[in-house]
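Step one of this worksheet: look at the structure below.
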Amino acid sequence: MTTDATASSEEALLSQSSTRSGDVADSRLSPQLARAVRALAARGAVLLRNEDQTLPLQASEPVALLGRVQKDWIAVGYGSGGDVNAPYVTNLLDCLREQGVAVDSELAALYEQWCQANPVDPGTEWGKWPLSFPEMELADDVVAAAAQRARTAVVVIGRAAGEDRESVLEPGSYYLQDAERRLLEQAVRSFERTVAVVVTGNVMDLAWAEELGVDALLLAWCGGMEGGRAIADVLTGAAEPGGRLTDTIARTYEDYPSAGHFGDPEANEYTEDVFVGYRYFETFAPEAVLYPFGFGLGYSQHEITGEGVELTEDGACVAVTAVNTGDLPSSTVVQVYVAKPGGGLSQPVRELAGFGRTEQLAPGEGEEQVIDVPWRDMASYDDSGVTGHRFAWVLPAGTYTFYVGSDVRSAQAAGSVEVEETLVVEQLEQAAAPAADHPFERLARQEDESGTIVRGSEPVPVSEVDLRERILSRLPQALTPAQGEGEPAVRFEDVQAGRASLQDFVVSLSPKDLSCLAYGDVTMDSPLGAKGNAGALGGVTQELRALGVPPSITTDGPSGIRLAATASLLPCGTALASTWDPEAVEEMAALHGEEMAALGSDILLSPGMNIHRDPLCGRSFEYYSEDPLLTGLMGSAVVSGVQSTGRAACPKHFAANNQETNRIFNDSRVSERALREIYLRGFEIVVTEAAPKVLMTSYNKVNGVWAHYHYDLVTTILRREWGYEGLVITDWWMRMAQDPTFPALRDSAYRVRAGVDVLMPGGDKHFSTVRDDAIMDSYGQEEGITLGEMQATAAHVLRFLVS
């Protein structure tokens with residue numbers, strides 16, 4: 001869910017009073033879940049530099065901690081993805097002490113006193129929260145004196161991020177504060193070894209680590225309530241930093257391909273097209289990369305070797321062996337990339353095709369893995385017809401070379417397969433393409449006379465669809481009763497018990513009751529559920545409840561259950577994805593599902609599935625990666641885990657929600673190919689592999705149409721092509737608008753025709769207690785909402801309530 005509501009003072013006090021350093025004390029919370037949070041926060045931490053084996057810290061040696069974030073730890077981002085009433089939040093200073101590390105007491109006391117006297121501004125106004133905290137200045141002689149007592153300094157840098165607010169190209173956000181730079185310079189100058197720990201949910205500039213010469217650099221993503229303890233585990237060697245980057249980290253912001261087309265309040269043209277993240281850098285600008293996609297160091301070393309590639313009926317399989325060649329037990333991530341022939345299409349030089357996490361390997365121990373790569377994960381979408389197969393997923397004829405290794409840059413060729421003639425994997429139809437009145441150019445891969453890859457451009461194909469004809473030809477037909485005449489009236493509990501069909505119950509409902517199922521319970525914190533819930537759907541009127549239809553309660557979200565009650569605070573999305581360990585994430589999500597049941601949440605508004613298109617997007621901490629395959633598999637893990645407990649997960653925000661600036665009006669203008677290959681692919685994976693019971697649309701427009709009114713996005717692609725049978729809800733408070741195609745439709749009638757089932761939380765505007773009346777107003781009018789459409793929407797809601 002997303003909301004721009006300002007937290008009440010009562011909720012803020014509740015949150016503050018329950019945040020303490022310690023362990024799970026509330027009997028409703030699971031110690032097993034807390035342990036999983038701790039383990040995943042450590043496994044997701046990414047070690048980027050470790051000169052002369054600076055880490056792990058030596059147990060017998062004292063350590064000096066610098067930087068206020070050692071105490072004022074950043075556990076998660078702000079907004080609906082982070083406002084969880086956690087039982088406690090650990091911090092690094094206390095947790096290192098807890099583990100017996102000889103933390104320099106004089107410096108620690110100085111920081112504790114200063115932090116107490118200069119508390120962090122919580123930024124209680126929505127969207128105005130701080131991006132970082134003011135840092136304490138230390139005199140040179142104070143740092144020098146600490147260096148006499150300890151050889152190693154650990155400098156902690158922190159960055160916050162949040163919904164409805166971007167990071168910015170300023171000190172204290174994307175760049176270091178002057179005080180932070182000075183602190184790092186003092187540490188490097190005075191101490192024998194300097195470790196920089198960056199606590200963040202989003203990517204920030206890291207070029208300073210190389211420039212200043214820090215000995216070790218640890219990217220500690222916001223790890224939830226156990227994040228401080230997890231990073232203490234990593235620093236001491238109790239746990240290995242198991243993370244691998246889910247984003248490319250460039251030398252400068254200007255190097256990112258989206259930099260010139262991000263942040264415009266009206267519209268952004270996705271001119272980089274499919275060349276997002278590493279697809280761009282490895283193809284056009286490898287020299288601009290500071291740390292490549294998939295990169296991460298451990299406390300041991302591994303040799304990853306390709307053992308051959310074979311074609312199968314379903315695609316290709318790549319055999320890989322990983323051997324621990326170091327001195328410590330260790331797990332690694334095996335990554336498989338593919339280089340595809342173009343067939344006229346512009347192709348990145350490499351794309352992630354599969355991956356696997358090894359078990360903990362003893363020194364000298366190896367593990368064999370076979371990574372299956374289905375045809376679909378080798379295919380490209382042709383939106384122009386250049387391959388001879390327009391609007392199709394195709395495998396152009398030619399050589400497909402596979403690379404295996406520990407990151408996209410170092411992966412070595414493992415073998416190749418030949419596709420003798422172009423293979424059509426799936427023939428589709430044009431859908432959701434850019435409007436003809438907004439043409440633009442996209443990046444294209446070309447070669448100069450010497451065969452060197454250079455940047456080119458080509459026009460983006462625009463929509464040729466007669467949307468009116470498409471919709472009218474596919475309107476759902478009205479249902480007819482399956483029961484015989486004279487049968488008793490059907491109640492919903494009869495459907496739940498299997499005594500009657502869902503169809504019988506749907507056809508028994510009046511148009512008014514059908515329309516009521518298309519709205520949530522008007523506002524947030526529904527009295528039908530636990531205090532602090534995000535809203536209710538289903539049996540939200542007395543009339544529906546009288547028929548036995550129950551309400552279903554929604555809660556945020558990606559980092560924990562957002563209620564007035566105490567709930568576990570989980571690692572942010574980027575932290576989870578950096579583990580490259582879907583199995584462990586699924587296990588944690590199952591424990592989270594059990595907590596949902598205990599606290600009264602039926603639908604978790606999670607996972608966040610949007611792509612990291614630009615490092616300044618304020619909400620990236622909720623999402624997973626710049627890569628759609630990794631995003632899809634991580635989202636599937638969360639959905640499968642939560643739904644294994646009988647609860648429901650709700651992937652969001654569908655689709656192309658890649659900036660927070662003017663997010664409810666901004667238009668994402670993107671080619672159909674890039675939309676399908678990059679921004680929808682993760683959703684497609686989670687829908688086809690994990691079958692989420694609920695899915696949420698986004699605030700933004702996609703090629704000129706708000707996502708909650710986008711017929712092609714929701715009905716043509718999601719339902720017809722992917723076969724989705726679940727419930728589709730809006731993000732909280734959609735934009736009201738007139739349907740440009742059908743004059744009889746506006747607002748929720750427009751939404752229902754698009755295939756979006758429920759308006760959440762139900763009011764016609766922010767904090768309104770009034771529903772729009774558009775559905776019933778249009779019913780019966782020429783080309784207005786039909787009985788079949790209302791029944792289809794109701795069936796989606798009721799089928800969910802039965803499941």
Side-chain angles (χ1 to χ4, degrees), residues 248 250-252 254-261 270-295 306 308-309 311 316 318 335-353 373 375 377-390 393-423 440-461 626-627 629 671 673-674 677-678:
T248 306
R251 294 189 177 277
T252 71
E254 289 73 21
D255 290 324
Y256 288 96
S258 58
H261 295 271
Y270 286 34
T271 59
E272 72 278 7
D273 206 54
V274 297
F275 295 99
V276 176
Y278 72 88
R279 287 168 164 80
Y280 167 81
F281 287 107
E282 299 306 311
T283 305
F284 297 110
E287 73 287 348
V289 174
L290 188 62
Y291 299 108
F293 177 84
F295 178 78
V309 182
L311 274 178
V318 183
Q335 301 170 36
V336 176
Y337 296 87
V338 63
K340 305 186 294 191
L345 295 170
S346 285
Q347 302 282 29
V349 297
R350 293 184 183 184
E351 294 181 24
L352 184 67
V373 183
W375 292 125
D377 288 337
M378 296 167 60
S380 304
Y381 186 79
D382 183 358
D383 61 358
S384 67
V386 68
T387 67
H389 303 280
R390 196 176 185 196
W393 286 98
V394 298
L395 269 75
T399 302
Y400 290 74
T401 303
F402 292 86
Y403 299 82
V404 300
S406 56
D407 62 70
V408 67
R409 179 68 56 84
S410 66
Q412 299 296 307
S416 61
V417 296
E418 292 290 329
V419 174
E420 299 297 335
E421 57 185 42
T422 296
L423 173 66
F440 61 97
E441 299 271 317
R442 64 183 172 190
L443 180 62
R445 173 181 169 179
Q446 297 178 354
E447 295 183 358
D448 63 17
E449 294 179 355
S450 67
T452 301
I453 295 174
V454 296
R455 297 174 181 83
S457 64
E458 63 185 20
V460 172
E626 67 188 20
D627 180 79
L629 177 63
S671 77
R673 181 187 176 192
E677 288 194 23
I678 305 296

Glu287 atom CD, over 12 foreign heavy atoms within 6.0 Å: yes

Partners passing side chain to side chain donor-acceptor pair (under 3.5 Å) against Thr387 (at least two apart in sequence or in another chain): Asp382

Under 3.5 Å donor-acceptor, Arg350 side chain and Val408 backbone: yes

Gln347 (side chain) donor-acceptor with Pro341 (main chain) under 3.5 angstrom: yes

Going by atom type alone, with no hydrogens or angles, which donor-acceptor pairs under 3.5 Å involve a side-chain atom of residues 396-404 and a protein atom two or more places apart or on another chain?
| from | atom 1 | to | atom 2 | distance (Å) |
| --- | --- | --- | --- | --- |
| Thr399 | OG1 | Glu418 | OE1 | 3.2 |
| Thr399 | OG1 | Glu418 | OE2 | 2.3 |
| Tyr400 | OH | Pro396 | O | 2.7 |

Stepwise side-chain hydrogen bond (donor to acceptor under 3.5 Å, both in side chains) test for Tyr337 and Gln335: CA-CA 7 Å; Tyr337 296 87; Gln335 301 170 36; 2.6 Å; yes

Trace of the ring pair (Phe, Tyr, Trp, His ring centres under 6.0 Å) decision for Tyr256 with Phe281: CA-CA 8 Å; Tyr256 288 96; Phe281 287 107; 5.6 Å; yes

Partners meeting side-chain contact (heavy atoms from CB on, under 4.5 Å) with Ser410 (sequence neighbours left out): Ser406, Asp407

Residues in salt bridge (Lys or Arg N to Asp or Glu O under 4.0 Å) contact with Glu626, at least two apart in sequence or another chain: none

Listed partners of Arg673 passing salt bridge (Lys or Arg N to Asp or Glu O under 4.0 Å), at least two apart: Glu677

Pairs where residues 275-284 contributes a residue and the test side-chain hydrogen bond (donor to acceptor under 3.5 Å, both in side chains) is met, not counting sequence neighbours: Tyr278-Asp627, Arg279-Asp627, Tyr280-Arg455, Glu282-Arg409

Taking every non-hydrogen atom, the tightest pair across Ala316 and Val309: CB-CG1, 4.3 Å

Side chain proximity check, Arg390 to Pro461, heavy atoms < 4.5 angstrom: yes

Which residues share a side-chain contact (heavy atoms from CB on, under 4.5 Å) with Glu458, sequence neighbours left out: Arg442, Ala444

For Trp393, ring-ring contact (aromatic ring centres under 6.0 Å, His included) partners two or more places apart: Tyr381

Residues in salt bridge (Lys or Arg N to Asp or Glu O under 4.0 Å) contact with Asp255, at least two apart in sequence or another chain: none

Stepwise side chain to side chain contact (heavy atoms under 4.5 Å, CB included) test for Val373 and Val338: CA-CA 9 Å; Val373 183; Val338 63; 5.8 Å; no

Leu443 and Phe284, any side-chain heavy atoms less than 4.5 Å apart: yes

Polar side-chain atom of Ser671 near backbone of Ala674 as donor-acceptor pair, under 3.5 Å: yes

Validation row: Phe275, Ser346 side chains within 4.5 angstrom (heavy atoms): yes

Residues Ile453, Val349; criterion side chain to side chain contact (heavy atoms under 4.5 Å, CB included); working and verdict: CA-CA 10 Å; Ile453 295 174; Val349 297; 3.7 Å; yes

Side chain to side chain donor-acceptor pair (under 3.5 Å) against Thr452, all qualifying residues, sequence neighbours excluded: Ser450

Donor-acceptor contact present, side-chain Arg251 to main-chain Ala288, <3.5 Å: no

